[in-house]
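Take a look at the structure set out below.
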Amino acid sequence: MAMKLAGKKMLLAGEWVEREDKIDVLNPENNEWIDSVPAASKKDIEKAITLAKEGSDIAANMSVRERMDILNKAASYIEEHHEDFARTIALEGVKTINEARGETTRAAETLRLSAEEARRLTGESVNFDQMPGNKDRMGYYFRFPVGVVAAITPFNDPLNLVAHKLGPAVAAGNAIIIKPATETPLSALKMADAFMKAGLPKKVLTVITGRSRDIGDSLIESKDVNMISFTGGYETGEMISKKAGLKKISMELGSNSPFIVRKDADLKLAAAAAASGAFAAAGQNCLSVQRMYVEEEVYDSLREEFLKHVRDVKMGDKLSDSSDMGPLINEKEARRIESWVQEAKEQGASILTGGVRRGAFYEPTVVEEAPENALLVKEEIFGPVVLLFKVKDLEEAIERSNDVNYGLQAGIFTNNVNSALQAAKKLHVGGVMINDSSDFRIDAMPFGGVKGSGLGREGVEFAIREMSEERLVCFKITEE
Ligand SMILES: NC(=O)C1=CN([C@@H]2O[C@H](COP(=O)(O)OP(=O)(O)OC[C@H]3O[C@@H](n4cnc5c(N)ncnc54)[C@H](O)[C@@H]3O)[C@@H](O)[C@H]2O)C=CC1
Ligand SMILES: O=C(O)[C@H](O)CS(=O)(=O)O
């Protein structure tokens, strides 16, 4: 019998409410029932938006010190209930308990960073007298909140990616409505609880659970929502940006990350970094290493070293301390990956290891020389599959790295500073990691992509900027 978690109610403008219509939350590993959450209706969304509008005035009038105190208290609550949060992430999502512990630690840190950044949310003075005829003017700008933020989050980091919306929204003085992924609502509800216990005024926060088809459009299209902060897949992001109309949007979408290994690189470090960057969260990570471009002189040695690491990855029970990798979010996704690998195989690719599915689990898989037009090469795999390619030089590696409609982060291993700088200049992505994999991130750094990987930047300081706007104040001084 599965353990029952709190989470049956959703948070509507600070009130915990139930609904008769429910959505079951299942453990992707075995389809066991974990809990159920309310399926919100269109009426619920409309009410949440109306109350959030009132909440936005309350939030904007909270002093910076009040915002900081609430964020720090919510962080402390998560730290005090660390294992409980980690178990929730691991049960409802795809992460192993060790990965879930790491995410919990990061989520608390993201909130503490938000508290710190709240005190730095300032403007600057403006020299009006730089233009002729403005000698008697002086002024400054400050930042004010956007109002009501609607945040839509994915299943793969069900706590920390909620923290990346909620922390900055509160720091900037906004009200926020969060719609977590339908598969993983429990972590977000637990975070909401942390904020209620920390004293966040009620109307400032809603965490609404429901089916996207019932509530998605009302949230996205509402004229009373001032900003949509979305993290998820490209197609959903594109659909949202078309429906949103004239409002701020920030989009953190998927990717298909390249990882370049030059002949002068430390191959042992490169192989270890690639394996860790490819199979975290079973590859369900927007930064996951997907395409490895390795110079021909070192290709065989790198491949051998990399395969050793891949074969060491222990796939299994998410709650076991000894598991390195869990399942896909559901069997349908595992079947999709299986079919993409099969398609590449039929077109001549070789499977060096893995390639086997058991229910929602898919073994860590390495595919060699997949054809350029295969789905595995062009699209985001979002699963535990890595592609290996031999290239003749850096130029070819960069050209092929850029040849997709994504550009979140890239990694390059080299001991030549010139190669590193060339890559930094020419890779068309939001972040270039030198002697690290594409999967490197700290929560304070600017984070986001180009092309189909998104619009705008997260990372606490940058998300706060996106969730606030400049207001200019100009004095015309008159002689007494
Ligand atoms: N750039 C980044 O920071 C990150 C990007 N991602 C991307 O997210 C994707 C995986 O997450 P998924 O949850 O499968 O993505 P998804 O796009 O299917 O869903 C994301 C969110 O959008 C909601 N949604 C779906 N259809 C909607 C609609 N019609 N109206 C309103 N909301 C709707 C979902 O319920 C969920 O809350 C991958 O592409 C991954 O790369 C994931 C994590 C971080
Ligand atoms: O988006 C992802 O898949 C993750 O956000 C990357 S990270 O924040 O866990 O590093």
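First listed ligand is number 1; within each ligand, the first listed atom is number 1. Atoms considered below: every heavy atom in the structure, side chains included; atoms not considered: hydrogens, waters and symmetry mates.
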*asked:* Taking 4.0 angstrom as the limit and counting only heavy atoms of Asn156, give me the atoms of ligand 2 inside it, by number and element.
replied: 2 (C), 3 (O)

*Please state which part of Arg106 comes within less than 4.0 Å of ligand 2, counting heavy atoms only: side chain, backbone, both or neither.*
side chain

*Of Phe413, Phe259, Phe389, which meets ring-ring contact (aromatic ring centres under 6.0 Å, His included) against Tyr293?*
Phe389

*Starting from atom 32 (N) of ligand 1, which protein heavy atom do you reach first, and at what distance in Å?*
Ser212 OG, 3.7 Å

*For Ile23 and Pro38, work out which heavy atoms get closest and say how close.*
CD1-O, 4.4 Å

*Between Leu161 and ligand 2, find which residue part has any heavy-atom pair under 4.0 Å and reply side chain, backbone, both or neither.*
side chain

_NZ/NE/NH1/NH2 to OD/OE distance under 4.0 Å, Glu305 and Lys268_ = yes

_Judged on heavy-atom distance to atom 3 (O) of ligand 2, which of Gly283, Gly232, Cys286 sits nearest?_
Cys286

*Using a strict cut-off of 4.0 Å, indicate which atoms of ligand 2 neighbour a heavy atom of Asn285.*
2 (C), 3 (O), 4 (C), 6 (C)

*Against heavy atoms of Leu408, which atoms of ligand 1 measure under 4.0 Å?*
1 (N)

*When rounded to the nearest 0.5 angstrom, what is the spacing between CE in Met292 and OG in Ser401?*
11.5 Å

*Short side-chain donor-acceptor distance under 3.5 Å, Ser187 and Glu92*: yes

*Contact (N/O only, under 3.5 Å) between Asn160 and ligand 2*: no

_Identity and distance of the protein heavy atom lying nearest atom 18 (O) of ligand 1_ = Thr236 OG1, 3.9 Å

*Can you list the ligand 1 atoms lying under 4.0 Å from a non-hydrogen atom of Ile152?*
21 (C), 22 (O), 23 (C), 32 (N), 37 (O)

*Check ligand 1 against Gly233 and write out every atom of the ligand that is under 4.0 Å from a heavy-atom position of the residue.*
8 (O), 9 (C), 15 (O), 16 (P), 17 (O), 39 (O)

*For ligand 1, which atoms have a heavy atom of Met239 less than 4.0 angstrom away?*
28 (C), 29 (N), 30 (N)

*Which ligand 1 atoms does Leu161 reach within 4.0 Å, using its non-hydrogen atoms?*
43 (C), 44 (C)

_Any nitrogen or oxygen of Lys179 lying under 3.5 Å from a nitrogen or oxygen in ligand 1? Just yes or no._
yes

_Quick check on contacts: which atoms of ligand 2 are under 4.0 angstrom from a heavy atom of Leu287?_
6 (C), 10 (O)

*With a cut-off of 4.0 Å, which atoms of ligand 1 are near a heavy atom of Leu253?*
1 (N), 2 (C), 4 (C), 5 (C)

*What are the two closest heavy atoms between Ala273 and Ser437, and how far apart are they?*
O-CB, 3.6 Å

*For ligand 1, find out whether one of its N or O atoms is nearer than 3.5 Å to an N or O atom of Gly216.*
no

*Of the protein's non-hydrogen atoms, which lies at the shortest distance from atom 5 (O) of ligand 2, and what is that distance?*
Arg441 NH1, 3.4 Å

*asked:* With a heavy-atom distance limit of 4.0 Å, tell me whether Pro180 approaches ligand 1 through its side chain, its backbone, both, or neither.
replied: backbone

*Measure Asp157 to ligand 2 on non-hydrogen atoms and call it side chain, backbone, both or neither using the 4.0 Å cut-off.*
side chain

*asked:* So, regarding Tyr234 and ligand 1 (criterion: nitrogen or oxygen to nitrogen or oxygen, under 3.5 Å), is there a contact or not?
replied: no

*For Leu388 and Leu302, work out which heavy atoms get closest and say how close.*
CD2-CD1, 4.5 Å

*With respect to atom 43 (C) of ligand 1, which of Asp157, Asn156, Asn285, Asp217 exhibits the smallest heavy-atom separation?*
Asn156

_Is there a polar contact, in the sense of an N or O pair closer than 3.5 Å, between Lys95 and ligand 2?_
no

*asked:* Geometry only, no angles: is Gln284 polar-contacting ligand 2 at N/O separations under 3.5 Å?
replied: no

*May I ask whether Gly454 places a heavy atom under 4.0 Å from ligand 1?*
no

*Shortest heavy-atom approach to atom 7 (C) of ligand 1 - which of Gly232, Ser218, Pro154*: Gly232

*Any chance NZ of Lys42 has more than 12 other-residue heavy atoms, nucleotides or ligands included, within less than 6.0 Å?*
no

*asked:* Heavy-atom count check: over 12 atoms from other residues, nucleotides or ligands less than 6.0 Å from Gln347 CD?
replied: yes

_Side-chain touch Ser229/His164, heavy atoms, less than 4.5 angstrom_ = no

*Would you please classify the geometry between the Phe382 ring and the Phe155 ring as parallel, tilted or perpendicular, with 30° and 60° separating the classes?*
perpendicular

*Run the contact test for Ile220 against ligand 1 with a 4.0 Å cut-off on heavy atoms, strictly below, and give the result.*
yes

*Do you know the tightest heavy-atom contact between Thr353 and Val310?*
CG2-CG1, 3.8 Å

*Between Gly448 and Glu252, which heavy-atom pair has the shortest distance, and what is it?*
CA-OE1, 3.5 Å

*Polar contact flag for Glu380 and ligand 1 (N/O pairs, less than 3.5 Å)*: yes

*In terms of side-chain geometry, is the basic nitrogen of Arg101 or Glu83 positioned less than 4.0 Å from the acidic oxygen of its partner?*
yes

*Report the relative orientation of the aromatic rings in Phe85 and Tyr77; use parallel for angles under 30°, tilted for 30 to 60°, perpendicular for over 60°.*
perpendicular

